[in-house]
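Every value quoted in this text rests on a predicted model; they were computed, and no experiment measured them. Every heavy atom of this structure was used, including side-chain atoms; hydrogens, water molecules and symmetry mates were not. Each chain gets a letter, A, B and so on, in the order its sequence line appears, and its residues count up from 1.
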Protein chains: 2
Amino acid sequence: MGKQVTEMLKGTLEGIVLAILSGRPAYGYEITAWLRDQGFSDIAEGTVYALLVRIEQRGLVDVEKVPSEKGPPRKVYSLNAQGREHLEEFWRTWSFLTERLEQLREGGN
Amino acid sequence: MGKQVTEMLKGTLEGIVLAILSGRPAYGYEITAWLRDQGFSDIAEGTVYALLVRIEQRGLVDVEKVPSEKGPPRKVYSLNAQGREHLEEFWRTWSFLTERLEQLREGGN
DNA sequence: TTCACTATTCAGCGTTACTATGTACCAGTA
DNA sequence: TACTGGTACATAGTAACGCTGAATAGTGAA
């Protein structure tokens with residue numbers, strides 16, 4: 001992936017994952033695959049796992065170990081109340097940014 | 001400023017500054033003031049100057065020293081051809097991100 | 001001469017995503 | 001049995017970027 005995307009993902013990827021989890025519980029491998037499907041072609045697995053550990057430590061998600069038919073047990077994450085709050089805060093910040101940038105884009109050309 | 005914004009600005013702030021410079025040449029102090037006006041309330045001065053040094057070293061801007069009436073000489077930056085290219089690339093990346101997030105936002109609730 | 005505003009610079013830090021690698025579990029197959 | 005490939009998670013080390021905090025320097029007004 002371009003370096004540009006990499007930098008832009010900082011702070012955003014967390015919101016993306018929280019948004020995914022707000023729809024349904026999911027586990028790391030699944031999330032990674034989904035992101036790649038969506039065009040985040042070279043998202044590193046390690047990145048997602050590290051992020052999940054982070055948001056778990058911050059208490060934004062609940063975790064449940066679920067046995068898998070095809071490999072080691074899955075760690076299924078689901079958004080809890082605190083996570084939902086954090087997600088809303090993320091959307092507010094995101095909106096602020098997009099508004100500023102939209103203005104710039106229009107005015108700038 | 002919230003930590004969330006701080007992280008989200010990574011990669012984005014550069015695009016913002018390039019977009020500003022695409023409209024008109026500007027110098028660091030001016031850019032910082034403008035950003036604060038636009039709601040990036042706690043943008044650190046050091047941040048903008050460091051960014052300007054970076055994009056100058058990458059050859060995205062041309063620099064001219066202009067004497068100021070009210071202080072030390074200003075370093076006025078203007079976007080060159082390479083910078084314009086980079087800015088377009090930034091908009092493409094930004095569009096990609098916003099599209100993904102817009103989808104998530106709609107589907108997620 | 002002191003203060004406030006303008007203007008730039010830099011060292012050190014924390015956070016985040018990437019790279020690279022390792023572990024482990026299971027199914028199919030030769 | 002041994003090998004391969006897909007599933008699933010974990011982590012140490014690195015680079016990039018924005019922030020903190022402070023220093024430096026020029027100008028004009030109190």
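- Partners of A:Arg58 under the side chain to side chain contact (heavy atoms under 4.5 Å, CB included) rule, at least two apart in sequence or in another chain, are A:Glu14, A:Arg54, A:Leu60, A:His86.
- If you check distances only, the side chain of A:Lys10 never reaches the base of C:dT15 with a donor-acceptor pair under 3.5 Å.
- Here B:Tyr29 does not reach the OP1 or OP2 of C:dT8: none of its side-chain N or O atoms lies under 4.0 Å away.
- Each of B:Glu30 and A:Gly11 has a nearest nucleotide on DNA chain C; the 5'-most of these lies closest to B:Glu30.
- Distance CD (A:Glu7) to P (C:dG14): 19 Å, rounded to an integer number of Å.
- Here the closest non-hydrogen pair linking B:Gly71 and B:Ser68 is N-OG, 3.4 Å.
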Using a cutoff of under 3.5 Å, can you pull out all pairs of nitrogen or oxygen atoms linking the protein to nucleotides 26-28 of chain C, with atom names and distances?
none

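- By the side chain to side chain contact (heavy atoms under 4.5 Å, CB included) test, B:Arg100 is found to be paired with A:Gln38, A:Phe40, B:Phe96, B:Gln103, residues two or more places apart in sequence or in another chain being considered.
- Rounded to an integer number of Å, the gap from CZ of A:Arg36 to P of C:dC18 is 10 Å.
- Side chain of B:Ile43, nearest nucleotide from D:dA8, C:dA17, D:dC19: D:dC19.
- Annotation: side chain to side chain contact (heavy atoms under 4.5 Å, CB included) contacts of B:Pro72 (sequence neighbours excluded): none.
- When rounded to the nearest whole Å, the span between CZ of B:Phe40 and P of D:dC17 equals 18 Å.
- Rounded to an integer number of Å, the gap from A:Tyr27 OH to D:dT7 P is 9 Å.
- Taking CG of B:Leu97 as the start and OG1 of A:Thr98 as the end, the distance is 11.5 Å to the nearest 0.5 Å.
- How far CG of B:Leu87 is from CD of B:Gln82: 13.0 Å, rounded to the nearest 0.5 Å.
- For the pair A:Gln4 CD and D:dA16 C1', the computed distance is 13 Å after rounding to whole Å.
- Computed from coordinates, the A:Glu14 CD to C:dA17 P distance equals 7 Å when rounded to whole Å.
- Non-hydrogen atoms lying under 4.0 Å from DNA chain D are contributed by A:Pro72, A:Pro73, A:Arg74, A:Lys75, all within residues 72-79 of chain A.
- Side chains of B:Leu18 and B:Phe90 form no contact here, defined as non-hydrogen atoms less than 4.5 Å apart.
- Contact annotation: the side chain of A:Ile31 approaches that of A:Leu21 to within less than 4.5 Å [non-hydrogen atoms, C-beta and beyond].
- If you measure from atom CG of B:Leu13 to atom C1' of D:dA16, you get 13 Å, rounded to the nearest angstrom.
- Partners of B:Glu7 under the salt bridge (charged side-chain N to carboxylate O under 4.0 Å, His left out) rule, at least two apart in sequence or in another chain, are B:Lys10.
- Among residues two or more places apart in sequence or in another chain, the side chain to side chain donor-acceptor pair (under 3.5 Å) test is passed with A:Thr93 by B:Gln4.
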Name the atoms and distances for all side-chain donor-acceptor pairs under 3.5 Å in residues 43-53 of chain B, with sequence neighbours left out.
residue: B:Tyr49; atom: OH; partner: B:Tyr29; partner atom: N; Å: 3.2

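- Residues satisfying the salt bridge (charged side-chain N to carboxylate O under 4.0 Å, His left out) test with B:Arg92, not counting sequence neighbours, are B:Glu89.
- For B:Glu56, the side chain to side chain contact (heavy atoms under 4.5 Å, CB included) partners are B:Val61, B:Val63, B:Lys75, B:Tyr77, not counting sequence neighbours.
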Q: Applying side chain to side chain contact (heavy atoms under 4.5 Å, CB included), run through A:Asp42 and A:Val5 and close with a yes or a no.
A: CA-CA 10 Å; A:Asp42 303 328; A:Val5 186; over 6 Å; no
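- In DNA chain C, runs of at least 3 stacked Watson-Crick or G-U pairs (N1-N3 plus N6-O4 or O6-N4, or N1-O2 plus O6-N3, all under 3.5 Å) give these stems: C:1-30 with D:1-30.
- Rounding to whole angstrom units, CZ of residue B:Phe90 and P of D:dC17 are separated by 13 Å.
- Looking at residues 45-67 of chain A, you'll see A:Glu45, A:Gly46, A:Tyr49 sit with a heavy atom under 4.0 Å from some atom of DNA chain D.
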